Amino acid sequence: VDQAKVAEARKRRKEADDSRKAEEKAARDNYCRFVQVTLDGFVASGADLHEFQPSDNLHRLIVQDEAQSRGLPCMSVGVETVDRHAVVFRADAGPSEWEQRFLQME
């Protein structure tokens, strides 16, 4: 086996992995900025709650982290892989214990 070819293949694989990781990080950063702007608009609107679009675990975690950093209650509702999404509430209008139970049953 030609060591130069093996080294070149490893280099190409590492470059492809690095590129993929950079793309994933850029996508996460873009979504994080989207969530920040959305939450700022939600707070300014005075609405009681904001429902985000159905999303995967990572995106819901970003929403929850950003909401928590603003002191906003947040929970995930819906069925995983079908319509599970984050719901953010006004700081002074979070769901009651009964509402939380109902939302978690959906």
Side-chain angles (χ1 to χ4, degrees):
V1 177
D2 185 2
Q3 293 300 324
K5 288 182 181 179
V6 170
E8 182 62 30
R10 285 184 182 148
K11 180 181 174 186
R12 283 194 309 269
R13 188 176 318 125
K14 182 179 180 338
E15 288 171 352
D17 286 346
D18 291 347
S19 176
R20 180 186 48 79
K21 288 177 184 176
E23 289 174 8
E24 289 172 356
K25 183 181 181 329
R28 278 192 311 274
D29 291 346
N30 285 339
Y31 189 73
C32 191
R33 282 190 294 278
F34 164 76
V35 170
Q36 291 167 349
V37 169
T38 301
L39 289 177
D40 289 345
F42 162 65
V43 169
S45 76
D48 286 342
L49 63 89
H50 178 80
E51 294 188 66
F52 282 84
Q53 293 293 318
S55 58
D56 60 24
N57 256 353
L58 174 64
H59 289 94
R60 290 194 312 271
L61 181 61
I62 291 170
V63 172
Q64 291 170 355
D65 286 348
E66 290 296 325
Q68 185 178 30
S69 74
R70 289 167 170 73
L72 302 171
C74 180
M75 61 186 306
S76 293
V77 298
V79 178
E80 192 70 46
T81 72
V82 177
D83 65 349
R84 192 137 178 97
H85 60 285
V87 180
V88 180
F89 299 88
R90 243 183 32 223
D92 61 346
S96 70
E97 181 180 334
W98 289 105
E99 290 170 321
Q100 286 181 21
R101 287 182 185 180
F102 174 76
L103 290 170
Q104 290 172 346
M105 289 188 307
E106 286 186 352

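As the structure is a prediction and not an experimental result, all values here were calculated from the model.
Taken from CG in Asp83 to CD in Glu51, the straight-line distance is 10.0 Å, to the nearest 0.5 Å. Separation of atoms CG (Asp65) and CZ (Arg60) is listed at 12.5 Å; rounding is to 0.5 Å. Here Ile62 contributes atom CD1 and Asn57 contributes atom CG; the two are 11.0 Å apart, rounded to the nearest 0.5 Å.
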Side chain to side chain contact (heavy atoms under 4.5 Å, CB included) between Glu66 and Leu72, intermediate numbers included: CA-CA 9 Å; Glu66 290 296 325; Leu72 302 171; over 6 Å; no

From CA spacing to verdict: side chain to side chain contact (heavy atoms under 4.5 Å, CB included), His85, His59: CA-CA 9 Å; His85 60 285; His59 289 94; over 6 Å; no

Gln68 and Cys74: CA distance, side-chain angles, deciding distance, side chain to side chain contact (heavy atoms under 4.5 Å, CB included) verdict: CA-CA 7 Å; Gln68 185 178 30; Cys74 180; over 6 Å; no

Pair Arg33-Asp29, salt bridge (charged side-chain N to carboxylate O under 4.0 Å, His left out): steps then yes or no: CA-CA 6 Å; Arg33 282 190 294 278; Asp29 291 346; 5.1 Å; no

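Atom CD of Gln53 is surrounded by 12 or fewer heavy atoms from other residues, nucleotides or ligands within 6.0 Å. Remark: Gln36 CD is packed, more than 12 non-hydrogen atoms of other residues, nucleotides or ligands lying under 6.0 Å away. For Arg20, the CZ atom is densely surrounded, since the number of other residues' heavy atoms within 6.0 Å is greater than 12.
Hydrophobic clustering (ILVMFWY, side-chain heavy atoms < 4.5 Å, transitive): Val87 and Leu58 are in distinct clusters. Neither Val77 nor Leu39 shares a network with the other; the hydrophobic side chains, linked directly or stepwise wherever heavy atoms of I, L, V, M, F, W or Y lie under 4.5 Å apart, form separate groups for each. One hydrophobic cluster, built from ILVMFWY side chains closer than 4.5 Å, cannot hold both Phe89 and Val63; they sit in different ones. Under the 4.5 Å side-chain contact rule for hydrophobic residues, Leu49 and Met75 share a cluster.
Taking both residues in full, the closest heavy atoms of Gln64 and Ser76 are given as NE2-OG, 2.9 Å, listed atom of the first, atom of the second, then distance.
Lys21 has no carboxylate O lying under 4.0 Å from a charged side-chain N of Asp17, or vice versa, which leaves the two without a salt bridge.
Using cut-offs of 30° and 60° for the angle between ring planes, the His50 and Phe42 rings count as tilted.
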